[in-house]
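Everything on this sheet refers to the single structure shown next.
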Amino acid sequence: MNRTIVWFRRDLRIFDHAPLYRAAQRGEVVPVFIFDSALLHHPETGSARVAFMLECLRSLDQDLQERGGRLILRTGNPVEVLPQLLRETAAEGIYAYIDYERIYGRVRDGRLNQMLGEEQMKIRWFEPTAGTSSLLSYPQYRNWWFAQMQQPMSPTPERIRVPENLGSQPLPTLADLNWMEDGKPIPPAGTTGARQLLQDFLDHKTRNYYWQLSYPSAEATTGLSPHIKFGAISVRECYQMIQAYPTQDDTRIERSKQQAIARLRWGVGFAQRFRYLPQLELRSLYRVFDQDGWEFDPELYQAWKEGRTGFPIVDAAARCLKATGGLQGFNFRTRAIYASFLGNLLGMDWRYGALHFMEHLIDGDCPIDHYQWAMQTGVTHCIDKTWTRIYNPGQMAVDRCDPEGLFIKRWLPELTEVAPKNLGNPPRINNYPGPILDYKAARKLWVEQLQRQRSQFLGQENVLEFLARLPEDLTPFSREGQDCDVRWARESTDELFPKPLDLAGLNETQARALRTWFVAHVDIKPPQQRRRRPQQQPQSNEFVQLCLPI
């Protein structure tokens, strides 16, 4: 009987899973997940995210068992473990989805291809849904994405036959993996939990979702983003569930459905940018920003992380992130305001902010996190726009996003007695600190710097010479003294898989196509610099927010 290894990575499901379905059609399946220390102890790995992943694995094993199979767990370097597993099981080859979230994964998979080739072993790589190796223009990719979402999902195998005599390690605990629990609440994991969250969103939240995106006090996010990050549910299944939900001739539901779909598409689009340019994990898009260097003040950085900036909405965001991992109130607007403060006003390297987020976010996804961080800081900017949104973290942010002060007062109980109209610049009470910067002065300084730096490339038809290249040293960005496993970056690397774009080899047509990924495809106007009148806030159970990063 034919036998195939299916290597699970960020696709922890049995539904809409092409490699698993194809393998089950062929014969016996060896469904394997490998605990890889280079990822488990990557500088940007967080305890809560590992805990959520373990629950996804538990759910995956249950789904496999319901169809007669089981999940095989191994520990070690996949470049060594997988060839050994092929020999142990006499399997004919490996099926796996291509994964380009991190440079490490591309180094690992490139080395695996080389190792298997040397031993005359086989692996078949499957493109993730809406992923492509072709360099498409962004409008072409947008059409490609919708076409892929409308394709039928891969069937779910009725029976999954796993060799009976094949041993597996038990599912480890956090402690087994040298992690400690950090107190964050871990949501229900796995496909069943994801489907229930999405159904609840559709049944109870779509009438208000589109209009309530900016209210962090809602604490009514769908919670889907961790499940999407680990592939417990496919983006295509999410898309088709949303599209199939009846609008009941209610334009509010229709607009909310389209907004949710747009956020799914944006997330996949960030990953596709990393497919083309993996250097975005380590570098700003345009080389001038990193060449100029960055300011860094460890005391101010610590104040930003701990919620001691003297700006209540920023400090509430800091405490919310550390306590919840981003699943309660830490919506896209809260993340943007918090990120803007570090990058645009403190003028610090966006990579320090991305690192902090990834250490805490349960839904932390490298392409989404890093690209959005660089974009919020203005260094991954639309090449045809001269302005950057810099959030005023004072009363303007309170009026727009937390007009009743519910979010701020939950996370800063020392300000409970302060009226919402004063929360932008609260009195010095209960040891709450004063502002650590002057907003207008800091904003002016950053705008002048951005204008000077952007003048080198703004409006250029061919941006290739201005783009950052993949560095020779692939060591992840981290802080000194951090305990992590980066030995892989010090070893020789012959070829990444999948291959990044060869910027030096692109022709004029390809260069124009790449440029379309970094321009505005709608007529975006600069935000009005005026204070909005505080809005009457609905009851908290009416708020909705799809929990997608920033």
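The residues of the chain are indexed from 1 along the displayed sequence. Below, each value reflects all heavy atoms present in this structure, side chains not excepted, and no hydrogens, waters or symmetry copies. Source: prediction; values computed, not measured.
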Any chance the rings of [X] and [Y] have centres within less than 6.0 Å?
{"X": "Phe357", "Y": "Tyr352", "result": "no"}
{"X": "Phe274", "Y": "Tyr100", "result": "no"}
{"X": "Trp517", "Y": "Tyr141", "result": "yes"}
{"X": "Phe201", "Y": "Tyr209", "result": "yes"}
{"X": "Trp145", "Y": "Tyr239", "result": "yes"}
{"X": "Phe33", "Y": "Trp7", "result": "no"}

Results of ring pair (Phe, Tyr, Trp, His ring centres under 6.0 Å) for Trp179 - residues two or more places apart only: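 Expected list: His41.
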Salt bridge (charged side-chain N to carboxylate O under 4.0 Å, His left out): pairs with one or both residues in residues 317-326, sequence neighbours excluded: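 Checked against salt bridge (charged side-chain N to carboxylate O under 4.0 Å, His left out) - neighbours excluded - the pairs reaching residues 317-326 are Arg319-Glu414.
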Over 12 foreign heavy atoms within 6.0 Å of CD, Gln302: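 Yes, because the 6.0 Å sphere around CD of Gln302 holds more than 12 heavy atoms from other groups.
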Glu181 atom CD, neighbour heavy-atom count above 12 within 6.0 Å: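 Check fails, neighbour count at 12 or below.
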His356 and His360 aromatic ring geometry - parallel, tilted or perpendicular at 30°/60° bounds: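 Because their plane-to-plane angle is over 60°, the rings of His360 and His356 count as perpendicular.
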Plane angle bin for Trp350 and His370 - parallel if under 30°, tilted between 30 and 60°, otherwise perpendicular: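 Plane angle over 60°, so perpendicular.
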Drop me the distance from [X]'s [atom1] to [Y]'s [atom2], to the nearest 0.5 angstrom.
{"X": "Phe518", "Y": "Ile383", "atom1": "CZ", "atom2": "CD1", "result": "9.5 Å"}
{"X": "Thr377", "Y": "Leu342", "atom1": "OG1", "atom2": "CG", "result": "7.0 Å"}
{"X": "Gln279", "Y": "Leu277", "atom1": "CD", "atom2": "CG", "result": "4.5 Å"}
{"X": "Gln449", "Y": "Gln453", "atom1": "CD", "atom2": "CD", "result": "4.5 Å"}
{"X": "Met180", "Y": "Ser47", "atom1": "CE", "atom2": "OG", "result": "8.5 Å"}
{"X": "Arg335", "Y": "Ile368", "atom1": "CZ", "atom2": "CD1", "result": "9.5 Å"}

Does [X] reach the main-chain N or O of [Y] with its side chain, forming a donor-acceptor pair under 3.5 Å?
{"X": "Arg13", "Y": "Gly231", "answer": "yes"}
{"X": "His17", "Y": "Leu12", "answer": "no"}
{"X": "Arg106", "Y": "Pro498", "answer": "yes"}
{"X": "Arg469", "Y": "Leu467", "answer": "yes"}
{"X": "Ser284", "Y": "Tyr286", "answer": "no"}
{"X": "Gln376", "Y": "Ala339", "answer": "no"}
{"X": "Asp384", "Y": "Ala520", "answer": "yes"}
{"X": "Asn431", "Y": "Pro433", "answer": "no"}
{"X": "Thr173", "Y": "Asp176", "answer": "yes"}

List the atom of [X], the atom of [Y], and the distance in Å for their closest heavy-atom pair.
{"X": "Ile313", "Y": "Ala397", "answer": "CD1-O, 3.9 Å"}
{"X": "Lys229", "Y": "Asp365", "answer": "CG-OD2, 3.8 Å"}
{"X": "Met358", "Y": "Asp369", "answer": "CG-OD2, 3.1 Å"}
{"X": "Gly131", "Y": "Arg275", "answer": "C-NH1, 4.5 Å"}
{"X": "Ala96", "Y": "Arg9", "answer": "CB-NE, 4.5 Å"}
{"X": "Pro172", "Y": "Leu177", "answer": "CG-CD2, 3.9 Å"}

Note: [X]-[Y] ion pair, threshold 4.0 Å (strictly below):
{"X": "Arg49", "Y": "Glu359", "answer": "no"}
{"X": "Asp402", "Y": "Lys409", "answer": "no"}
{"X": "Asp290", "Y": "Arg351", "answer": "yes"}

Would you say the side chain of [Y] lies within less than 4.5 Å of the side chain of [X], judging by non-hydrogen atoms?
{"X": "Gln199", "Y": "Arg195", "result": "no"}
{"X": "Trp446", "Y": "Ser340", "result": "no"}
{"X": "Trp294", "Y": "Met348", "result": "no"}
{"X": "Phe332", "Y": "Arg263", "result": "yes"}
{"X": "Gln148", "Y": "Thr132", "result": "no"}
{"X": "Leu345", "Y": "Tyr439", "result": "yes"}
{"X": "Ile337", "Y": "Cys401", "result": "yes"}
{"X": "Leu514", "Y": "Thr516", "result": "no"}

Worked verdict on Asp292 versus Arg452 for salt bridge (Lys or Arg N to Asp or Glu O under 4.0 Å): CA-CA 11 Å; Asp292 274 6; Arg452 173 178 55 81; 3.2 Å; yes
Phe497/Arg111 under side chain to side chain contact (heavy atoms under 4.5 Å, CB included): CA gap, chis, key distance, verdict: CA-CA 8 Å; Phe497 181 80; Arg111 290 175 179 161; over 6 Å; no
Glu491 vs Arg487, salt bridge (Lys or Arg N to Asp or Glu O under 4.0 Å): CA-CA, chis, key distance, verdict: CA-CA 7 Å; Glu491 301 170 359; Arg487 291 170 294 179; over 6 Å; no
Worked check of side chain to side chain contact (heavy atoms under 4.5 Å, CB included) between Gln372 and Thr380: CA-CA 8 Å; Gln372 290 272 35; Thr380 295; over 6 Å; no
Return yes if a side-chain donor-acceptor contact under 3.5 Å exists between [X] and [Y], otherwise no.
{"X": "Tyr432", "Y": "Asp315", "answer": "yes"}
{"X": "His42", "Y": "Asp485", "answer": "no"}
{"X": "Asp36", "Y": "Tyr104", "answer": "yes"}

Test side chain to side chain contact (heavy atoms under 4.5 Å, CB included) applied to Leu496 and Leu470, step by step: CA-CA 11 Å; Leu496 304 186; Leu470 188 68; 3.6 Å; yes
Face-on cation placement of Arg273 at Tyr371 ring, 6.0 Å and 45° thresholds: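 Satisfied, under 6.0 Å and within 45°.
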Side chain to side chain contact (heavy atoms under 4.5 Å, CB included) evaluation trace for Phe457 with Val463: CA-CA 7 Å; Phe457 62 82; Val463 299; 5.8 Å; no
